Amino acid sequence: MQDATVVKDDLYKIRHSLAHVMAQAVLEMRPDSRLGFGPPIDNGFYYDFILSEPLVEKDFKELEKRMRKIINQDQAFEEENLPYDDAMARLDDMGEPYKKEYAQELFDTKGIDSLRFYRNGPFLDMCEGPHVPSTKAIPGDGFKIRSLAGAYWRGNSDNVMMTRIYAWAYPSKEELKQAIQAHEEALRRDHKKLGKELSLFRIDDQVGKGLPLWMPNGTVVRDQLEAYMKELEFRDGYKRVATPILAKTKLYHTTGHLPYYKEGMFPFMEFKETTREGGEVVEEYVIKPMNCPHHHLIFGAEKHSYRDLPIRLAEYGMCHRYEESGSLSGLLRVRGMCMNDAHIYCTEEQIEEEFLKVMKMHETLYNKLGIKNYHMRLSTWDPEDPKGKQKYVDNPEAWERTQKLVRSAMEKSGLPFIEVKGEAAFYGPKIDFQFKSVTGREETASTNQLDFAVPERMSITYTDSNNEEQYPYVIHRAPAGTHERFVAFLIEHFAGAFPTWLSPLQVQVITVNDAFNDYAEKLISELRENLVRAEMNSAQDSMGKKIRNAIKAKIPHVIVIGEKEVETQSVTVRRYGSEEQNTVPFAEFKEDLLRRIRDRELDAARIHG
């Protein structure tokens, strides 16, 4: 077997070695169990097993105790490379059918002539390595068993379900403690948990997996975000369009999305109609997975001169894509999504300037939301990819020219970016905005692409200064991504404590007793006349419980009204995140509140740094 091409660092070796130590301890506790994979990961390691008897959380302490005992035995990690016959015989002797299956695949597909094994004490595993010299090099207080989960062998739902044991692993006890605290904070901010607690969205199996139902509270958040994006787009000269959710499959053959994108589409629908002559017409439709073909048809519906360009068409369009059920996760991975979509039709000379404007819109949005932990990824084509002609439009000159234009715009934007070869769209280079979520995972928030191919496929043109037909370039852009993914990120970013302008309920009014309800209703009416989302808390609870519930609901402004407030036409205000209560004239409170909303301040938000 060939040596690994990447030199692994010390922490990688510690984590990898700990995976073997844990597997050894599991086999002590559950003899006759079978092994899957046990790799290092960003915060530790995991190992997959077919267990002879289940493990539960109360077994974690015993498992950790056995692991520390193994570490203290100073077991050396000994490497051995075996040719095919010996390796397969070894795996038979080990009684590891899953390892043997993978080994056979490696010999068949990778052109290797040997397999590597590592032994530490009585434990033997087929493994590429590397490892620490001996278990004594592993910090005994730097790891902790984290959780159990189910995982299909090789990630394939047709295969057997294994038990995956996750663990944290760090070089020191202090770093482990910090990682566990960060994990607990991530759980506190988890959008699926907060989405339910704050009644933002639900996913109901009667509707279908990956098809969110937006509750009234969640709908406010997406509506306010959408309103802000529409303002930014209006100022930048976008024109709004609306398109149907269905289209003929022939359209996607024309654009080139089919047959390559078929796996990402919902099943096609066949419609049969009887003609006036008594014949039959059969047409095939599909729920649209993207908006761009529809927008291209809108552009192509009218004649355009070079003087008209750039033309910017925008839509918050509903799309549906078929994601494997195992990959679905809350709002982050869904099958139905509403996209902050737009397409800019421009000349080659306008590409750089338009890309810079798109980058500026991203920057404006992220600054408004206090988002700082992001970078951009420029994805280019790979001319040496053996499947290149299947993955990309075959036009090397256009690829090089457009990549140079996009790269230049990125450099001029001053925003941080990396370049990755081989991940472009099939019709041109793309820029992905990558967020680091509070849970530590990297997610793509939005994608921006330069398309030099599809306009020709769809025969959409403009007339140049010589009165000749030319194909426009198209910039596909979506600064706020989809409502689903972007709101999921914002829930975790703000820990559910949205700034006033995004909050589902902006003001809750609590009266000391019913005698002051008339004054309270008057104030609520005045606030609602100014489009403030204000409501009375009329529950038959104590004052203290009402305030505690308002804090739990993360309402940014709670107004308390009693006799003094009625007499002085004032309100006592308690803002989220503060235990202080201040009594101010109602007119002053209203003016300050309207300013916060108008300016879209980050007033009540708890932002993930």
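We count residues from 1, following the sequence as given. All of these numbers come straight from a predicted model, not from anything done at the bench.
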message: Assess the residue pair E284 and K250 against the criterion (salt bridge (Lys or Arg N to Asp or Glu O under 4.0 Å)); give the C-alpha distance rounded to whole Å, side-chain angles, the decisive distance to 0.1 Å, and a yes or no.
response: CA-CA 8 Å; E284 194 176 56; K250 183 179 179 181; over 6 Å; no
task: Would you sort out whether K590 and E526 count as a salt bridge (Lys or Arg N to Asp or Glu O under 4.0 Å), showing the intermediate values?
output: CA-CA 9 Å; K590 185 180 81 168; E526 189 169 335; 2.8 Å; yes
message: Apply salt bridge (Lys or Arg N to Asp or Glu O under 4.0 Å) to residues K272 and E283 and explain how you reach the verdict.
response: CA-CA 7 Å; K272 296 179 181 179; E283 293 184 320; over 6 Å; no
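Qualifying side chain to side chain contact (heavy atoms under 4.5 Å, CB included) partners for K552, counting only residues two or more places apart in sequence or in other chains: none. Remark: H253 engages no residue in a ring pair (Phe, Tyr, Trp, His ring centres under 6.0 Å) (not counting sequence neighbours). Partners of I203 by side chain to side chain contact (heavy atoms under 4.5 Å, CB included), not counting sequence neighbours, listed by chain and number: F201, P212. Every residue two or more places apart in sequence or in another chain that forms a side chain to side chain donor-acceptor pair (under 3.5 Å) with H296 is listed here: Y345. Annotation: ring pair (Phe, Tyr, Trp, His ring centres under 6.0 Å) contacts of Y228 (sequence neighbours excluded): W501. A search for ring pair (Phe, Tyr, Trp, His ring centres under 6.0 Å) contacts involving H294 returns nothing, not counting sequence neighbours. With sequence neighbours excluded, the residues satisfying side chain to side chain contact (heavy atoms under 4.5 Å, CB included) with T444 are R377, D432, Q434, T447, R485. Residues passing the side chain to side chain contact (heavy atoms under 4.5 Å, CB included) test with E468 are D464, N466, Q470, sequence neighbours excluded. Considering only residues two or more places apart in sequence or on other chains, H183 meets the ring pair (Phe, Tyr, Trp, His ring centres under 6.0 Å) condition with W168.
Under the 30°/60° scheme for interplanar angles, the aromatic rings of F489 and H493 are found to lie parallel.
Between M290 and C319, the closest heavy-atom pair is CA-SG, 3.6 Å.
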List the atom pairs, donor and acceptor, that lie under 3.5 Å between side-chain atoms in residues 363-371 and the rest of the protein, sequence neighbours left out.
residue, atom, partner, partner atom, Å
T364, OG1, K360, O, 2.9
N367, ND2, E363, O, 3.3
K368, NZ, D599, O, 3.0

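With 3.5 Å as the limit, one finds a donor-acceptor pair spanning the side chains of H362 and N448. Looking at N340 and E226, their side chains never bring a donor and an acceptor atom within 3.5 Å of each other.
Pairs of residues two or more places apart, or lying in two chains, that qualify as ring pair (Phe, Tyr, Trp, His ring centres under 6.0 Å) and include a residue from residues 309-329 are F266-Y322, Y316-H483. Among residue pairs with one or both ends in residues 320-348, those qualifying as salt bridge (Lys or Arg N to Asp or Glu O under 4.0 Å) are E323-R333, E348-R401; sequence neighbours excluded.
Checked against the 6.0 Å centroid threshold, Y462 and Y306 do not count as a close aromatic pair. Centroid-to-centroid, the aromatic rings of F417 and H375 stay 6.0 Å apart or farther.
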